[in-house]
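Everything below concerns the one structure shown next.
Both ligands and their constituent atoms are indexed starting at 1 by order of listing. The model shown is predicted, which means the values in this text are computed figures rather than measured ones.
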Amino acid sequence: MSLTFDFVQPEPAATDRITLFCDVILPLPLPKLYTYRVPYEMNDDVVIGGRVIVQFGAKKTLSCIVAAVHETPPALYQAKYVLEFIDDAPVVTQAQLKLFRWMADYYMCTLGEVINAALPSALKLSSESRIQLHPAFVREEPTYPLSEQEEKIVEALSTEDGKALTFTEVGDLLGSTNFHKVIKSLIQKDVIFLFEHLADKFSPKVVKKVRLAHHFVAEAALETLFQQLAGRPKQLDVLMRYLQKVPVYQNEYSNHQGIEKAYLTSAPHLSPSAVNTLIKNGVLEQFDVIVSRFPLGDSPEAKLHFSLSEAQVAAQADILQQFTEKDIVLLHGVTGAGKTEIYIELIRKALEGGGQVLYLLPEIALTAQIVTRLMRVFGSRLGVYHSKFSDNERVEVWNGVLSGRFQVVVGVRSAVFLPFDNVSLIIVDEEHESSYKQYDPSPRYNAREVALMMANFQGAKTLLGSATPSVETYYQTRAGRWGLVTLTKRFGEAGLPEIELVDTRKGREQKTMLNHFTPELMSEMERKLALKEQVILFQNRRGYSPFINCLDCGWIPKCKNCAVSLSYHKHAHELRCHYCGFHDRMPVECPACGSRNLKTVGFGTEKIEDDLKIMLPQANVQRMDLDTTRAKNSYQQIIADFENQVTNVLVGTQMVTKGLDFANVSLVGIINADSIIHYPDFRAHERAFQMFVQVSGRAGRKGKKGKVIIQTADPAQVIFDKVIRNDYLEFYEYEITQRREYGFPPFMRVIRMTVKHVDQLVAEQAAILLTQELVDRLGREAVLGPEAPYIFRIRNFYLQEITIKLDREHTVLKHAKSEIMAAINVVKDQKEFKQARLVADVDPM
Ligand code: ADP
Ligand code: ZN
Ligand code: ZN
């Protein structure tokens, strides 16, 4: 930071005048908080957790969060003045600040990095932000009156379509640098939106909807209305149609949501002009809605109430009972046990008690299916927080939690950042999921752990749910610290599927393989398709083939930025790197020897899809992986097609293993189980077990007995036996013994250090020095490495890894972290390592 000496305000004569300073959290990776001075006349305006605008560096101004207010000037620099106070009330609560501090401490990062990850960008104003008119804003009929300054900005933004203004331009326009409050007000009134990068520019779809005017919702009023419309059959038809579609009396919220106007105006036997007359006469009201990037399926069949089965009732009672003694309970229920309905009942109870509820789901499991279900039950009290949401939608949820509008939020991992301050129940579904962990960038947090800490701080209970609990979690229940409730049967008639292993080595020797399919899997697929049942195929690799190979000289194309071979993607006719995104055209001939004998080796989802289209021409095959789901809503579309049985076979990566609940799937095939088991990591077995059981769980859900076929070159591997019998306990016993023996979690805590540098030698040397420093401080036995990881170069950076294993005791950990920071600083202080990046990952997954 450059310390420019600003004009210092003259000290007042009065002696009782207090000078206030505030420590602020800038959304930047700075090790310390900065202190700014509060202009005297603003002393009453400082709000802890509110945003203020400050100058940072020579030119840049940005918003930051006030973390503390005091009277001590900073010792080492002259404090600059806060430029503007934006909020009259906190946007970040005290409870959040406490949690964020814990995160920074625990995950060895800065508070600024946590805040930066936590706040939706529209809450982060900076001189680089820009504004634009909100597409739904109609200048002629503003919903709220605008001030003179606001009018001026709207005027300037209206000169052409899509016109944007930078903050500097806004400042010039208003002739003042204090304009951030005006901007905040315009955002709140939905007049403008804010963006930082052109890519974030938001172009939502606006849909016209109608609903019954509020004063007709009461039954008596509606009867009168019917009488009034008696002589107008066309209008009556429209009204009847509306009431058929929207169950106004069962669920008032359904009227609030209304329906698309087009549903009425384009219905063949209804008169569009009758619709407009009803609007004109104030019977129906018309309103605009910004359609979300996350379309909610509005399936009218979704029921409001399910009555819980006996097993569900018993499990629920057991959970509540255990909550009287324990803060954390694991609900271990097989796939299809009906855990969701139990969650819903518990949420209902928690809301009755007046507390807030957070319901966490992994990204992929948070589907329209579940959101619709929850909407039906919790209506407008439910907020949804999804990473596919636009920034504006995220701000809406943030503010809704702050204001108390949303009492329950269902969301992905980043929902732990929301401003809860009175949580009474947290549910972490699929608690074993590695997608709760954020790998990059910092903070490298695990949302499950953060949720547990939030619950701890706010006195809430936490329910973890899974069919395949993580070894760490199960260990806690075994140790008696956490409660455990088990559901061993699926809901209703559905039994667990039968699992069969098929030997691909034998198939290859006997030459019975059909491409990558064993005859067993092939004929089972044909049988199921003939019965009009559906099939899911799991292959843990996307693209057509993981590499290509010149048959004459052995050349294999490699990524120029990473130490990996390039995958062949047939559809795009490209070679692609799955680590950095580098891509190149598929060569016609070998660049080394000129031969045209280029062969694809191995197979990914694309090849499976391709083969099936030839081998099963009558079937409709669809692929779901990163490549086919990149486009907006394409994921939802693939799911909808499969649900509506437009698709017969769904081929995919991990995406197909999770959370999907389709009634008609009776066969699941795992095409190559071996690549999943032989992964170089201490969690490989756990992950393989979870993946096999979870994907198997997609088969045979409603009534029909499902079947799972696992193809492997080595059916004798220990893990299969446990998967086939769905014996979690046996798997656990086996795994925990290994963990104890080799000193892995839950017995030890792991911190992984990664050293990165563009020069391989420098990376190695920095890693050696870091290792020495760590060994000096923590002892030889605590430090493993350094070594190059399996993929030792990514995006031009050479990597070196050091694994630190620590005792789980809290005090040990705290001490060790400060020693690690000290070791990192020693390395960073060396001139030759200035450009090296040293990253600490606490509890890596
Ligand atoms: P899990 O999350 O345990 O894998 P789900 O919650 O997805 O299981 O439930 C499996 C299926 O059983 C779903 O289709 C769900 O709608 C249905 N189901 C669960 N409980 C009930 C209930 N009480 N009444 C009717 N259907 C239920
Ligand atoms: Zn060649
Ligand atoms: Zn690459």
F491-ligand 1 polar pair, N/O distance under 3.5 Å: no
Would you say the ring centers of Y544 and F603 fall short of 6.0 Å from each other? no
Candidates T340, L308, D429; heavy atom nearest atom 2 (O) of ligand 1 found on T340
For Q690 and T468, does a side-chain donor sit closer than 3.5 Å to a side-chain acceptor? no
Using modelled atom types only, decide if a donor and an acceptor are shared between the side chain of H332 and the backbone of G465 within a distance under 3.5 Å. no
Rounded to 10°, how big is the angle at the Zn ion (ligand 2) from C550 SG to C593 SG? 110°
For the residue pair F731 and Y728, does the interplanar ring angle fall in the parallel (under 30°), tilted (30 to 60°) or perpendicular (over 60°) class? tilted
With heavy atoms only and a cut-off of under 4.0 Å, state how Q312 meets ligand 1: side chain, backbone, both or neither. side chain
Are F642 and F662 near enough that their ring centres are under 6.0 Å apart? yes
NZ/K489: more than 12 non-hydrogen atoms of other groups inside 6.0 Å: no
Within 4.0 Å of some non-hydrogen atom of T335, the atoms of ligand 1 are 4 (O)
Hey, does the side chain of H757 reach the backbone of D759 with a donor-acceptor pair shorter than 3.5 angstrom? yes
Using heavy atoms and a threshold below 4.0 Å, how should the contact between A467 and ligand 1 be classified: side chain, backbone, both, or neither? neither
For Q835, does the CD atom sit with more than 12 other heavy atoms under 6.0 Å from it, leaving out its own atoms? no
Please give me the protein atoms (N, O or S only) lying under 2.8 Å from the Zn ion (ligand 3), ordered by chain and number. C559 SG, C562 SG, C577 SG, C580 SG
Do H583 and H578 pass the ring pair (Phe, Tyr, Trp, His ring centres under 6.0 Å) test, and can you show the C-alpha distance, the side-chain angles, and the key distance before you say yes or no? CA-CA 9 Å; H583 53 97; H578 288 182; over 10 Å; no
Ligand-residue contact atoms, ligand 1 with S307, heavy atoms, under 4.0 Å: 22 (C), 23 (N), 24 (N)
